[in-house]
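Remarks on the structure that follows.
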Amino acid sequence: MAVAAENQSQPPQNDLPYVLILKPPAAFSIFGDHFFHSPKFQFLKAFESPLPLSQFLLTHAQSVQAILTSASGSVTADTIRLLPHLGLVVTTSQGINHIDCSECRRRGIAVAGAGTIFSTDCADSAVGLLLDVLRKVSAANRYVKQGLWSSQGNYPLGNKLGGKQVGIVGLGSIGTEVAKRLEAFRCSISYNSRSKKPSVPYTFYPNVVELAVNCDALIICCALTDETHHLIGKEVLSALGKDGVIINIARGPIIDEKELVQCLIKREIRGAGLDVFEHEPDVPVELLALDNVVMSPHNAVCTTESLEELRKTVVGNFEAFYSNEPLLTPVPLDDLPHLSGGLT
């Protein structure tokens, strides 16, 4: 058995440089592990080895120069310290809260992400969830499919999106795309961000509670950091009020999920559109029976088209690294907030 374990831990025998994968990205389950194939590097799959991760890393420490990860795969300081020749971490996600960027910065390790590939898909989903909650599309769909239209009459009317006051938490690439779409609905847009953006015409609120007071809907688009963990709690939800709607396509732990569930059950806010959750893939059972909640399984970030663009970007970043060329989508590490280790 020891010999078998040792053999399974051995990388392929050729001269291509190694890219370590700690946990398979979601694209592997959809398209297979050939999805990010390149003739310029090969994958070293820790998840296929029977060895404990620390032992596997020690075995291959001298040969690993790069890591491929995703939002569900944590790259910790402990992992990084076991790899003396590590020079690059590439993530398939737009968020980077699962990577210890402070340790990467300290070690001079480059980080590359998905860039803005998923921004338009996320924005489309955010507006779609908002429309669904306001117009009760999913709830009305269930009403018809359950045969209730003929027996109980017309379904209750929803509310229009046009002209609503919408607050965006995090006016980065995703938040900006959301704002562009909402302008077409003649919405009044305001935002909260790390700093005021002089180039945009929207009203800036330095405090999220104040933003919520002045909104009909709040859309969460910010990164998960220590500062934004549970940023949306009881105080913000109360400020949003009984006619308010909250949409989250960012990261689950940005919202205090227990507080949100209670507010929805008690109808202290109008409704919620949620693509992300605090303890994925587990979803609070209380939400399953609520018609004022629309949910999706953390898939707002991408479509088949954007995954193909992601493939080209991921492969391009590794090929650039091994060719000593500039990365396609480098993440600046000099001005990052302290990123939370919580995974979603």
Side-chain angles (χ1 to χ4, degrees), residues 11-28 30-46 57 60-71 73-77 79-122 172-174 176-177 223 301-336 339:
Q13 297 301 310
N14 60 46
D15 295 330
L16 293 176
Y18 298 120
V19 172
L20 172 67
I21 305 180
L22 300 170
K23 187 175 182 180
F28 276 21
I30 300 171
F31 300 105
D33 58 8
H34 62 280
F35 186 63
F36 295 118
H37 172 75
S38 168
K40 295 187 178 181
F41 57 84
Q42 62 183 319
F43 289 125
L44 186 62
K45 302 170 186 175
L57 294 178
H60 302 292
Q62 300 303 315
S63 59
V64 173
Q65 300 177 49
I67 291 177
L68 173 63
T69 188
S70 62
S74 180
V75 180
T76 65
T79 296
I80 293 169
R81 289 166 189 155
L82 290 173
L83 302 171
H85 302 296
L86 183 64
L88 173 67
V89 177
V90 174
T91 179
T92 59
S93 62
Q94 190 154 335
I96 53 173
N97 60 291
H98 54 293
I99 301 170
D100 193 321
C101 289
S102 296
E103 184 65 17
C104 288
R105 179 169 50 203
R106 190 185 71 81
R107 284 270 307 275
I109 297 167
V111 176
T116 59
I117 289 173
F118 299 135
S119 297
T120 56
D121 289 340
C122 280
S173 60
I174 295 173
T176 299
E177 291 294 332
V301 297
C302 58
T303 56
T304 53
E305 293 87 351
S306 60
L307 277 179
E308 172 57 23
E309 190 175 349
L310 175 68
R311 184 192 67 77
K312 295 176 183 177
T313 300
V314 167
V315 172
N317 275 313
F318 284 124
E319 291 184 346
F321 171 73
Y322 287 119
S323 301
N324 293 315
E325 297 176 356
L327 299 176
L328 303 184
T329 53
V331 175
L333 299 180
D334 293 333
D335 187 35
L336 287 175
L339 297 168

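Since the model is a prediction, treat every value here as computed from it, not as a measurement.
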Whether Thr313 side chain and Glu309 backbone form a donor-acceptor pair below 3.5 Å: yes
Q) Under 4.5 Å between any side-chain heavy atoms of Asp334 and Pro332, yes or no? A) no
Sorted by chain and number, sequence neighbours left out, side chain to side chain contact (heavy atoms under 4.5 Å, CB included) with Thr304 holds for none
Hits for side chain to side chain contact (heavy atoms under 4.5 Å, CB included) against Ala26, two or more places apart or cross-chain, chain-then-number order -> none
Between Ala320 and Leu327 the two heavy atoms that sit nearest each other are CB-CA, 4.3 Å
Across all chains, not counting sequence neighbours, the side chain to side chain donor-acceptor pair (under 3.5 Å) partners of Glu308 are Arg311
In short, Phe318 meets Val19 closest at the heavy-atom pair CZ-CG1, 3.5 Å
Next on the checklist: For Thr69 and His98: C-alpha separation, side-chain torsions, deciding distance, then whether side-chain hydrogen bond (donor to acceptor under 3.5 Å, both in side chains) applies.
Outcome noted: CA-CA 9 Å; Thr69 188; His98 54 293; 4.5 Å; no
Hits for side chain to side chain donor-acceptor pair (under 3.5 Å) against Arg107, two or more places apart or cross-chain, chain-then-number order -> none
Heavy-atom nearest pair, Asp121 first then Val301, reads CB-O, 3.7 Å
Within-4.5 Å side-chain heavy-atom neighbours: Leu57 and Leu20: yes
Residues passing the side chain to side chain contact (heavy atoms under 4.5 Å, CB included) test with Ser70, sequence neighbours excluded, are Pro25, Ser72, Thr92
Residues pairing under salt bridge (Lys or Arg N to Asp or Glu O under 4.0 Å) where one sits in residues 81-96, two or more places apart or in two chains, turn out to be Asp78-Arg81, Arg81-Glu103
Side chain to side chain donor-acceptor pair (under 3.5 Å) filter on Thr120, not counting sequence neighbours, yields none
> Do Gln94 and Ser119 have side-chain heavy atoms sitting under 4.5 Å apart?
Replying inline: yes
Checklist entry - Side chains of Leu310 and Cys302: closer than 4.5 Å at any heavy-atom pair? => result no
Taken in chain and number order and not counting sequence neighbours, the residues that satisfy ring pair (Phe, Tyr, Trp, His ring centres under 6.0 Å) with Tyr322 are none
Between Thr329 and Gly113, the two heavy atoms sitting closest are OG1-O, 2.6 Å
- Query: Does the Ser306 side chain pair with the main chain of Thr303, one donor and one acceptor, at a distance under 3.5 Å?
  - Reply: yes
- prompt: Side chains of Asn317 and Leu328: does their closest heavy-atom pair fall under 4.5 Å?
  reply: yes
Sorted by chain and residue number, the side chain to side chain contact (heavy atoms under 4.5 Å, CB included) partners of Pro84 (sequence neighbours excluded) come out as Ala61, Gln62
Query raised in the report: Does a side-chain heavy-atom distance below 4.5 Å link Ile67 with Leu83?
Result: yes
* **Check: Leu333 and Cys104 side chains under 4.5 Å, non-hydrogen atoms** => yes
Problem set entry | Ser74 side chain to Thr76 side chain, donor-acceptor N/O pair below 3.5 angstrom | no
Tightest non-hydrogen contact, residues Ile109 and Leu88, listed as CG2-N, 3.7 Å
Check: Once the angle between the rings of Phe36 and Phe28 is folded into 0 to 90°, is it parallel (under 30°), tilted (30 to 60°) or perpendicular (over 60°)?
Finding: tilted
* For the pair Phe41 and Phe43, name the ring-plane relationship: parallel under 30°, tilted 30 to 60°, perpendicular over 60°. => perpendicular
Heavy-atom closest pair (Thr116 atom, Ser173 atom, distance to 0.1 Å) is CG2-CB, 3.8 Å
With sequence neighbours left out, the residues meeting side chain to side chain donor-acceptor pair (under 3.5 Å) with Glu319 are Ser38
By ring pair (Phe, Tyr, Trp, His ring centres under 6.0 Å), Phe321 pairs with (sequence neighbours left out) none
